[in-house]
Amino acid sequence: KSLKREHGSKWKFLEHKGPVFAPPYEPIPSNVKFFYDGKHMKLSPGAEEVATFFAKMLDHEYTTKDIFRKNFFKDWKKEMTAEERAKITDLKKCDFTEMSEYFKAQSEARKAMTKDEKLKIKAENERLLQEYGFCIMDNHRERIANFRIEPPGLFRGRGDHPKMGMLKRRIRPQDIIINCSKDSKHPEPPPGTKWKEVRHDNKVTWLVSWTENIQGSIKYIMLNPSSRIKGEKDWQKYETARRLKKCVDRIRTQYREDWKSKEMRIRQRAVALYFIDKLALRAGNEKEEGETADTVGCCSLRVEHIKLYPENEGLEYVVEFDFLGKDSIRYYNKVPVEKRVFKNLQLFMENKEPDDDLFDRLNTSVLNKHLQELMDGLTAKVFRTYNASITLQQQLKVLTSADENIPAKILSYNRANRAVAILCNHQRAPPKTFEKSMQNLQAKIDAKRDQLSDAKRELKSSKADAKVRRDEKSKKIEEQLMKLEVQATDREENKQIALGTSKLNYLDPRISVAWCKKWGIPVEKIYNKTQREKFAWAIDMADDDFEF
DNA sequence: GTACTGACTTGACTTTAAGTTT
DNA sequence: AAACTTAAAGTCAAGTCAGTAC
């Protein structure tokens, strides 16, 4: 039934210019020295380039981490000449400080460039964008998302990654697979080089691919979210979530029934699904141990990740979750659950070690196969999309009051958005400048308050003929003050919450567009330019009465 | 069922550009 | 016009999920 199976082809015509490669390595000046064991050493170009990657990271904490250093040193040695390898045997004896200083100076110099030089760079970037940043797909000129190939450097995974510090190698034309249509003008590899392959596969959407050397996974160049191909897929995603809305009651009834099943695998499936639905947890594929950071999702939860409290803070049957999820972001939550769920969890945990799987009879593939039977196109992540979007719609209804002005309404919108971000556990590190910027804002508010009381005093003491004008003036100031205060509240509430991810990936944009239309809020207040481009389909489509 | 691959979406963070203040 | 602040764009890692081979 899905679009894919009915007509597998994604395009008929595809033409593009291929990728933009990372700039070649520029050797550092000879007066910038590297020291080994206190003695100056001139490195071969290959070894020097990799050394500069480390030097550039010297200020980061991870260059002090054992795993990082060990991985780096191992890969660095591979790039050394035999003589270098014989000599450089201990990373601790390597002194990269001159290199590090050199790069800091370089970045300072870049900041201090004249306007003219900056303009030149900008023009060159624009030229590159115009030449390589677009493709032709089926009669449309479409923007490409990432037409530049990732430069070489040291891999830094998120969290406690066993491969941190490994060398991410330089991608060359012979690593590149080009995908385009037969009847298009094929992109030319740089002079004297060849592509790995040119293929014409219209069952996929990517233009360029290569295999990355850290995990051995494939990287792609694909189209921008504003493109037809991405937009249609996005729309389809929300339509699937809306279909879930129609049958979610039935599914909930069923999994509650399944908590009582005689079969362990069915009980586990039903409890896991309950978590995915209620807490918006991710599916949780199993991961290769030792290849990636130790993170989990619902199906891969281990006994050590939850604690059961028959009674906690006056509530019955409380489950405490504490685990690292995607990107090693901590998920911590204490939730009361139904008695049956609680009893099942006790059962699942019986006679298990902390590092045993909580759902030992379940994985994402089993779960998704089951979901597929409940509804066409249903998978675990559809619940996240559905619950996020329905929460936004419902929160907007609760929080928006007709008599408020635009800034207050936008605060309500952001609060609804925040409720979703909290549900989905979209956290961020508080911005480094957070305290400072709060203070600045507070200072502005104080100044505005003073200004207002001045204006009010003037109003009182003024004569009748000036009253109207001065009244208007203080009204205006009052409005400005209110706006600042709303801004401060919003910023404070948003300290550790990231709204972007849910806005871009989970919230059906038609809900937001409809809300804007209903309350006479310009869409620009909610979506910036890029977002409006991405959601153009929704802006065109949704009326003020759109219901998710 | 299990292991593995490929394609595509999601995610936090960093860098750059734009806007505002001094 | 420099300095600072904030918003947007870019980066690239890490998920999801379907398909294939055994």
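Computed from a predicted model, the values in this text were never measured in an experiment. Proteins come first, then strands; the chains are lettered A, B, ... in the order of their sequence lines, and each starts at number 1.
Among the atoms of the strands shown, only primed sugar atoms or phosphate atoms (P, OP1, OP2) are found under 4.0 Å from some heavy atom of A/T295. If you check every strand for non-hydrogen atoms under 4.0 Å, A/A145 touches nothing. Across all strands, A/K163 comes closer than 4.0 Å to no nucleic acid atom at all (heavy-atom distances). Residue contacts for A/P151: at a heavy-atom cut-off of 4.0 Å it reaches the sugar-phosphate backbone alone, with no base atom in range. Backbone-only engagement by A/G284 is indicated by non-hydrogen atom pairs under 4.0 Å involving sugar-phosphate atoms exclusively.
Between A/F68 and A/Y62, the ring-plane angle classifies as tilted under the 30° and 60° cut-offs. Between A/F96 and A/W76, the ring-plane angle classifies as tilted under the 30° and 60° cut-offs.
The distance from atom CG of A/L129 to atom C1' of C/dG10 is 12 Å, rounded to the nearest whole Å. Straight-line distance from the CD1 atom of A/I149 to the P atom of C/dC12: 12 Å, rounded to whole Å. Rounded to whole angstrom, the span from the CG atom of A/L324 across to the C1' atom of C/dA13 amounts to 16 Å. Rounded to an integer number of Å, the gap from CG of A/N363 to P of B/dC4 is 15 Å. Computed from coordinates, the A/L281 CG to C/dG15 P distance equals 14 Å when rounded to whole Å. Atom CD of A/E286 and atom P of B/dG1 are 13 Å apart (whole Å). One atom, CD1 of A/I276, and another, C1' of C/dG15, lie 14 Å apart when rounded to the nearest Å. Rounded to whole Å, the distance from CD on A/Q372 to P on C/dG19 is 9 Å.
For residues 355-364 of chain A, every residue pair satisfying the salt bridge (Lys or Arg N to Asp or Glu O under 4.0 Å) rule, not counting sequence neighbours, is listed here: A/K352-A/D360. Legend: ring-ring contact (aromatic ring centres under 6.0 Å, His included) pairs involving residues 274-294 of chain A, not counting sequence neighbours, sorted by first then second residue: A/W259-A/Y274, A/F275-A/F321.
Contact annotation: the side chain of A/R199 never approaches that of A/I178 to less than 4.5 Å [non-hydrogen atoms, C-beta and beyond]. Residues A/R415 and A/Q395 form no side-chain contact, since every pair of their non-hydrogen atoms from C-beta on lies 4.5 Å or further apart.
Two rings, from A/H16 and A/F147, have their centers 6.0 Å or more apart.
Between B/dA18 and A/K122, a contact under 4.0 Å exists linking OP1 or OP2 to a side-chain N or O. Note on A/N368: a side-chain N or O is less than 4.0 Å away from OP1 or OP2 of C/dC17.
Not counting sequence neighbours, the partners of A/E263 by the side-chain contact (heavy atoms from CB on, under 4.5 Å) test are A/S261, A/R265, A/I266.
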How does protein contact run along nucleotides 6-13 of chain B, one letter per nucleotide 5' to 3', with B for base contact, S for sugar-phosphate only, - for none, heavy atoms under 4.0 Å? SBBSBBSS

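Geometric assessment of A/R141 against the ring of A/F134 yields a positive cation-pi assignment under the 6.0 Å and 45° thresholds. The cationic group of A/K56 lies under 6.0 Å from the six-membered ring centre of A/F103 and within 45° of the ring axis, placing it in a cation-pi geometry.
A/A241 approaches A/F548 most closely through the heavy-atom pair CB-CZ, 3.7 Å.
Of the candidate nucleotides C/dC17, C/dA13, C/dA18, C/dA13 has the atom lying nearest to any side-chain atom of A/K219.
Take the nearest nucleotide of DNA chain C for A/G297 and for A/N146: the residue whose nucleotide is more 5' is A/N146.
Note on the helix from B/dG1-C/dC22 to B/dT22-C/dA1: angle between the axes of the first and last five pairs equals 10°, rounded to 10 degrees.
A salt bridge is absent between A/E291 and A/K287: the closest approach of a Lys/Arg side-chain nitrogen to an acidic carboxylate oxygen does not fall below 4.0 angstrom.
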Please write out the pairs of protein N or O atoms and N or O atoms of nucleotides 4-8 of chain C separated by less than 3.5 Å, giving the distance to one decimal.
unit_1, atom_1, unit_2, atom_2, d
C/dT5, OP1, A/K436, NZ, 2.0
C/dT6, OP1, A/R491, NH1, 3.3

